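Okay, so here's the structure we're looking at.
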Amino acid sequence: MINHHPKLNLLIQHVNGELPASISAGIKIHSDMCKQCSEQIAELTKHEAKLSFSQTNVDDAEFGFDVDALINDITQTQPEPEVIPDNKPVAVTFRGVTYTLPNVMKHMELGKPAQIGKLSRSRILLDEGHIHSSLLRIEAGGGIPEHTHNGYEITLLLEGNFKDDMGEYVPGDFIVLDGNHQHQPVSEQGCLCYTVVSDSLHFTQGINKLLNPIGSFIY
Amino acid sequence: MQVVQSNVTNKFTGSVINYMASDTQHTDICLWLDAVATSRDKAAFTQLFHFFAPKILHISQSKLFDKSLANEVVQETMTNVWKKAHLFNSTKGAPTTWVFTIMRNVTFDILRKLQSNKEDNLSEDIWPMIEDQAIEDEPFSDHIEQKNILAVIDKLPKNQQEVIQAYYFMEMSQEQLAQHLDLPLGTVKSRLRLALSKLKEHLGEKE
């Protein structure tokens, strides 16, 4: 059962379109697997819509265009035909293992997979500055050395499982970690994760220098 | 923010939430949207424009801190309302929610273009406008299937139609059926078997 959900304030920001694409996509992947959050998102959208359009103090709106001319222009355009979304699954392959990706990723460009040991990573090329998103694959028996985060790290488990000292995770779990957490995830059977990281990882054990390449690899 | 949170709490405790938009307003918006959808009614669109555009401008200005971008959101959103009016389904949600999602998606794509220089219009993938409809439409295909079966059942001899309908559609047991039709259990069983094999034949022919 999915145990980790996005917090309410994150859902409200999501509904209002105020989050980076990477985080909203993560919430979309989660809510497609979580009925409870998907219903809450629908409910929140209704609320935000009501709030937005119940303003009454807008009579003095000053448009930067000629309203009548715009209405004329718009009403001359043709209605849009109903397009059935192309839900052909997109897939990614890491070392011979192929994974089907969530629909929300179908227009996201992926970087070439790179490997360190039992970790494979493909960047998701969203161009969001210091926020880096990746697909991260841990091979069976692999893990990530104990670390903490300067910023935040969102992990959305897509397939397989992994665990850390806080517990075990299942596909659909939306896990948010920040500088208050230290963890050392390991995956017994292997897994694929969608990750959003806002700053490089900070390894907490003695051999920092040796691990630095992994830190930037995962970020 | 707090207002929203308390509203949500209200929802979960089951009490009624008061919205400022009145019912008449809601009905008007539905009628206008419908007039645009069915007859491309310019007067109705003008009404929609005067209701929504000033509010969209106000929201966008407070979000984007930029007048020309806010105007772009208004134009783009209202253009989509015109172009997509026929895709709005009033049984699946309020018109304000529908316009809100269009506005939110337009704003998101404009901001993303600005901040990441990407024109990938990801909003359609994150908040698909017709996805929920697709999910709810699924039982419809079953419905068609059922219609097919019903047509095929009509071709069966009457005594076989009887057993099939009672057994599958009224969910009677074979024993109940025997009692109901005043027939020996064996006869009911053989009629069912016969009817089923005929059904399979008919349905198979169609493929």
Side-chain angles (χ1 to χ4, degrees), chain A residues 8-9 12 14-21 24-25 27-28 40-65 67-68 70-75 77-80 82-85 87 103-109 125-129, chain B residues 1 3-5 7-8 11 19-21 40 42 45-46 49 51-55 57-59 63 67-68 70-71 74-75 78-80 82-87 93-94 96-97 99-101 103-105 107-108 111-112 115-118 120-128 130-132 134:
Chain A
L8 182 63
N9 62 356
I12 293 172
H14 169 70
V15 156
N16 281 310
E18 289 163 354
L19 295 173
S24 266
I27 292 176
K28 167 71 176 153
Q40 201 173 359
I41 287 168
E43 206 55 44
L44 286 168
T45 309
K46 236 160 64 184
H47 278 280
E48 293 297 311
K50 293 272 182 188
L51 288 178
S52 297
F53 295 131
S54 60
Q55 327 159 50
T56 47
N57 55 340
V58 289
D59 294 337
D60 56 343
E62 279 176 37
F63 294 107
F65 49 80
V67 170
D68 293 335
L70 180 71
I71 292 175
N72 270 335
D73 284 352
I74 290 177
T75 51
T77 57
Q78 291 298 312
E80 197 172 278
E82 186 162 7
V83 210
I84 290 141
N87 281 342
N103 259 328
V104 72
M105 291 184 66
K106 69 187 163 195
H107 294 116
M108 295 183 185
E109 204 185 326
L125 308 174
L126 288 171
D127 278 343
E128 294 184 311
Chain B
M1 198 65 90
V3 177
V4 178
Q5 294 210 1
N7 275 349
V8 174
K11 191 242 156 197
Y19 292 118
M20 287 161 84
R40 296 282 133 199
K42 188 179 167 184
F45 179 75
T46 308
F49 193 96
F51 179 82
F52 285 110
K55 300 179 172 82
L57 185 72
H58 188 77
I59 297 165
K63 247 184 187 173
K67 272 210 160 134
S68 75
N71 277 294
V74 174
Q75 297 181 32
M78 292 315 295
T79 304
N80 279 329
W82 170 262
K83 284 184 171 172
K84 295 175 197 248
H86 57 294
L87 305 178
T96 42
T97 310
V99 176
F100 174 83
T101 56
M103 172 186 73
R104 188 261 325 274
N105 287 12
T107 312
F108 182 85
L111 270 178
R112 181 156 163 73
Q115 287 166 352
S116 301
N117 205 19
K118 286 265 190 184
D120 42 16
N121 297 329
L122 289 180
S123 72
E124 258 305 300
D125 295 331
I126 298 172
W127 301 280
I130 52 175
E131 172 195 56
D132 296 340

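Just so it is clear, the model here is predicted, and its values are computed rather than measured. Numbered from 1 within each chain, the chains take letters A, B, ... in sequence-line order.
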Can you find a pair of side-chain heavy atoms, one from [X] and one from [Y], that are under 4.5 Å apart?
| X | Y | result |
| --- | --- | --- |
| B/Phe108 | A/Leu19 | no |
| A/Phe65 | B/Val74 | yes |
| B/Leu122 | A/Met108 | yes |

* Taking only residues two or more places apart in sequence or in another chain, which ones pass side-chain contact (heavy atoms from CB on, under 4.5 Å) with A/Asp127? ->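 Per chain and number, A/Asp127 pairs via side-chain contact (heavy atoms from CB on, under 4.5 Å) with B/Ser116, B/Lys118.
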Contact class of [X] relative to chain A, heavy atoms under 4.5 angstrom:
| X | value |
| --- | --- |
| B/Ala70 | neither |
| B/Thr107 | neither |
| B/Thr101 | side chain |
| B/Ile126 | both |

* Asked: When rounded to the nearest 0.5 angstrom, what is the spacing between CG in A/Leu70 and CZ in B/Phe49?
  ->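 One gets 5.0 Å once the value is rounded to the nearest 0.5 Å.
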* Could you state the interatomic distance from OG1 (B/Thr97) to NZ (A/Lys50), rounded to the nearest 0.5 Å? ->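 Spacing of OG1 (B/Thr97) from NZ (A/Lys50) equals 6.5 Å.
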* Asked: What option among B/Met103, B/Lys83, B/Lys84 has the most heavy-atom pairs under 4.5 Å with chain A?
  -> B/Lys83
* **All side-chain hydrogen bond (donor to acceptor under 3.5 Å, both in side chains) counterparts of A/Ser24, not counting sequence neighbours** => A/His14
Provide the closest heavy-atom pair for [X] versus [Y] in the form atom of the first, atom of the second, distance.
| X | Y | result |
| --- | --- | --- |
| B/Thr96 | A/Ala49 | O-CB, 3.7 Å |
| B/Phe45 | A/Thr75 | CD2-CG2, 3.7 Å |
| A/Pro79 | B/His86 | CB-CE1, 3.6 Å |

* Please flag which part of A/Ile27 lies under 4.5 Å from any non-hydrogen atom of chain B: side chain, backbone, both or neither. =>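 Neither the backbone nor the side chain of A/Ile27 comes within 4.5 Å of chain B.
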* Which answer fits A/Glu109, side chain, backbone, both or neither, if we ask what part of it has an atom under 4.5 Å from a heavy atom of chain B? ->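 The side chain, not the backbone.
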* To do: Fit a plane to each ring of B/Phe51 and A/Phe53, take the angle between them on a 0 to 90° scale, and name the class: parallel (under 30°), tilted (30 to 60°) or perpendicular (over 60°).
  => tilted
* Is A/Glu18 paired with B/Lys63 through a side-chain N to carboxylate O contact shorter than 4.0 Å? ->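 Salt bridge flag = yes for A/Glu18 with B/Lys63.
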* To do: Begin from the C-alpha positions of A/Lys28 and B/Asp125 and carry the test side-chain contact (heavy atoms from CB on, under 4.5 Å) through to its verdict.
  => CA-CA 9 Å; A/Lys28 167 71 176 153; B/Asp125 295 331; over 6 Å; no
* Given the rule in the side-chain contact (heavy atoms from CB on, under 4.5 Å) test, do B/Arg112 and A/Glu128 qualify, once you have shown the distances and angles that lead to the verdict? -> CA-CA 9 Å; B/Arg112 181 156 163 73; A/Glu128 294 184 311; 3.9 Å; yes
